[in-house]
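Quick note on labels: first sequence line is chain A, next is B, and so on, each numbered from 1.
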Amino acid sequence: MAERPEVVNAVALTHPERIYWPRERVSKRELVAYYDLVAPWILPHVLGRPISMVRCPGGIGELATGAREGRTRIDPCFFHKHPGEDFPGPFERVTIVESAGPTEYLTITEAGSLTALAQMGVLEIHVWGSTWPDIERPDLLVFDLDPDAQITWRELANAARLCREVLGALGLKSFVKTTGGKGLHVVAPVAPSAGWEDVSEFCRRVAEIIVEAAPDRFTATMSKAKRTGKIYVDHVRNNRGATSIAPYSTRARDRAPVAVPLRWKELSGRVRPDTYTLKNLPLRLRGLKGDPWDGYAEAGRAQTARTAISRLPKP
DNA sequence: GCTGAGA
DNA sequence: TCTCAGCAACGCTCG
DNA sequence: CGAGCG
Ligand SMILES: [Mn+2]
Ligand SMILES: [Mn+2]
């Protein structure tokens, strides 16, 4: 008799034993279980947001230590923004106009969406800074702190604290998360108000304020050459169509790291940007007293970019 | 992971 | 029936 | 404008 396929959240899994992370021998089945477990944590941060995906249907590859920094080797992973109808699952498909014309994006609607993503080899979930259908007015500001190799953890943590201070002075409550890579994200949820142009300009100004505070430690210029020994304050996540790694998303890197919301106080402890993984995050979640991002939803209703913009010093 | 062309 | 090649982003910023 | 970047 024919083998009955495993089904999770009404999504049928093909090749559940497929290894996605070879070094840790993490399978598709384990990825499905991970997202099912963290669904209550991740869903508030991804529901309704257009997503871009990093897919590695055959796994991340044997020698994949860094993201995909390997050179000669062909990258087994690829970005996917506009999956067609051959990408099944309980999603809402939304049409968004880009430079080349109307295109279709997926949005996550339920835990089954996460199962379907895992089935399709999606190892990273990247989200827009706005939510369907109000996609022209951002509801999430992201400051991506990218440290050069010689930057210490203390310096990185201090950068995040400074970012928090600058935002706080403009009336914005902010939150910090690890990325699962080398850096941190400082994010501010906002009620939709201003459009992308005003919001991206505001975020650029915030980055410039941070750089002015300590030009020897920070840069707001993207080129790697100008980052030597510094922390790049990447504000370009706040442009229409740009994305950032979703909280609780796995990363397509060795060890199966995950992006994790932290309490600010944790920056003084043992945590590092790549501390948490698909394997050890469940233990952290079980031990938590409450959401490390307590007050996040409330902040996202109470504060707006428009008000913060009005508090910027005159240029 | 999926599709379609070709053996 | 099977195997395998092709496919799967986009837009800003810098120089 | 092309290259680099995420
Ligand atoms: Mn980063
Ligand atoms: Mn970055």
Checklist line | Spacing of the C1' atoms in dA9(C) and dG4(D) (rounded, Å) | finding: 15 Å

Margin query: Heavy atoms only, 4.0 Å cut-off, all strands: where does His126(A) land among base, sugar-phosphate and nothing?
Written below: nothing

Check: Taking CZ from Phe78(A) and P from dC10(C), how many angstroms apart are they, rounded to a whole number?
Finding: 14 Å

Margin query: Working note: Glu110(A) + Ser113(A), criterion side-chain hydrogen bond (donor to acceptor under 3.5 Å, both in side chains); need CA distance, chi angles, decisive distance, verdict.
Written below: CA-CA 5 Å; Glu110(A) 52 156 285; Ser113(A) 309; 5.5 Å; no

Next item on the list: Using whole Å, report how far CD1 of Ile74(A) lies from C1' of dG6(C).
Entry: 13 Å

Note to self: I need the CH2-C1' distance between Trp196(A) and dC12(C), as an integer number of Å.
What the structure shows: 14 Å

Check: Between Ile51(A) (CD1) and dC10(C) (P), how many Å, whole number?
Finding: 15 Å

Next item on the list: Check step by step if ring pair (Phe, Tyr, Trp, His ring centres under 6.0 Å) holds for His45(A) and Tyr296(A).
Entry: CA-CA 10 Å; His45(A) 300 292; Tyr296(A) 184 95; 4.9 Å; yes

Note to self: I'd like to know whether Thr14(A) forms a side-chain hydrogen bond (donor to acceptor under 3.5 Å, both in side chains) with Gln119(A), so could you lay out the CA-CA distance, the side-chain angles of the two residues, the decisive distance to 0.1 Å, and finally the verdict.
What the structure shows: CA-CA 7 Å; Thr14(A) 63; Gln119(A) 155 59 23; 2.9 Å; yes

Next item on the list: Classify the nucleic acid contact of Arg18(A) as base, sugar-phosphate or nothing, counting any heavy atom under 4.0 Å across all strands shown.
Entry: sugar-phosphate

Give me the distances for all protein-to-nucleotides 2-4 of chain B N/O pairs that come in under 3.5 Å?
none

Margin query: In this structure, how many angstroms lie between the P atom of dC12(C) and the NE2 atom of His235(A), rounded?
Written below: 13 Å

Margin query: Expressed as a whole number of angstroms, how long is the span from Arg237(A):CZ to dT13(C):P?
Written below: 11 Å

Notebook entry, point to check: Looking at Phe79(A) versus His126(A), is the centre-to-centre ring distance below 6.0 Å?
Noted result: yes

Check: What class does the angle between the rings of Trp128(A) and Tyr105(A) fall in, given that below 30° is parallel, 30 to 60° is tilted and above 60° is perpendicular?
Finding: perpendicular

Next item on the list: In whole angstrom, give the distance that lies between atom CG of Asp144(A) and atom P of dT13(C).
Entry: 15 Å

Item checked: Candidate pair Asp139(A) and Ser130(A), rule side-chain hydrogen bond (donor to acceptor under 3.5 Å, both in side chains), full reasoning -> CA-CA 5 Å; Asp139(A) 57 12; Ser130(A) 61; 5.9 Å; no

Check: Where along residues 91-113 of chain A does a heavy atom come under 4.0 Å from DNA chain B, residue by residue in number order?
Finding: none

Notebook entry, point to check: On DNA chain D, which is the earliest and which the latest nucleotide, 5' to 3', with an atom closer than 4.0 Å to a heavy atom of chain A?
Noted result: dG4(D) to dG6(D)

Item checked: Option from Ile209(A), Val186(A), Val187(A), Ile210(A) for which side-chain contact (heavy atoms from CB on, under 4.5 Å) with Leu167(A) holds -> Val186(A)

Notebook entry, point to check: Which of parallel (below 30°), tilted (30 to 60°) and perpendicular (above 60°) describes His80(A) and Phe87(A)?
Noted result: perpendicular

Next item on the list: Sticking with atom C1', work out how far dG4(B) lies from dA8(C), rounded to a whole angstrom.
Entry: 15 Å

Item checked: For atom CE of Met53(A) and atom C1' of dC10(C), their distance in whole Å -> 14 Å

Next item on the list: Determine whether the side chains of Lys173(A) and Gln303(A) contain a donor N or O and an acceptor N or O closer than 3.5 Å.
Entry: no

Checklist line | Non-neighbouring partners of Arg284(A) that pass side chain to side chain donor-acceptor pair (under 3.5 Å), sequence neighbours left out | finding: Glu266(A), Tyr276(A)

Checklist line | Glu208(A), CD: over 12 other non-hydrogen atoms inside 6.0 angstrom | finding: yes

Note to self: Within residues 219-233 of chain A, which residues have any heavy atom lying less than 4.0 Å from an atom of DNA chain D?
What the structure shows: Met222(A), Lys224(A), Arg227(A)

Notebook entry, point to check: Do the rings of Trp41(A) and Tyr248(A) sit parallel, tilted or perpendicular, given the 30° and 60° boundaries?
Noted result: tilted

Note to self: Donor-acceptor pair, distance only, cut-off 3.5 Å: does the side chain of Asn280(A) make one with the backbone of Thr277(A)?
What the structure shows: yes

Checklist line | Side-chain N,O (His80(A)) to OP1/OP2 (dC10(C)) below 4.0 Å | finding: no

Margin query: Once salt bridge (Lys or Arg N to Asp or Glu O under 4.0 Å) is applied, what residue pairs with a partner in residues 142-165 of chain A remain, sequence neighbours excluded?
Written below: none

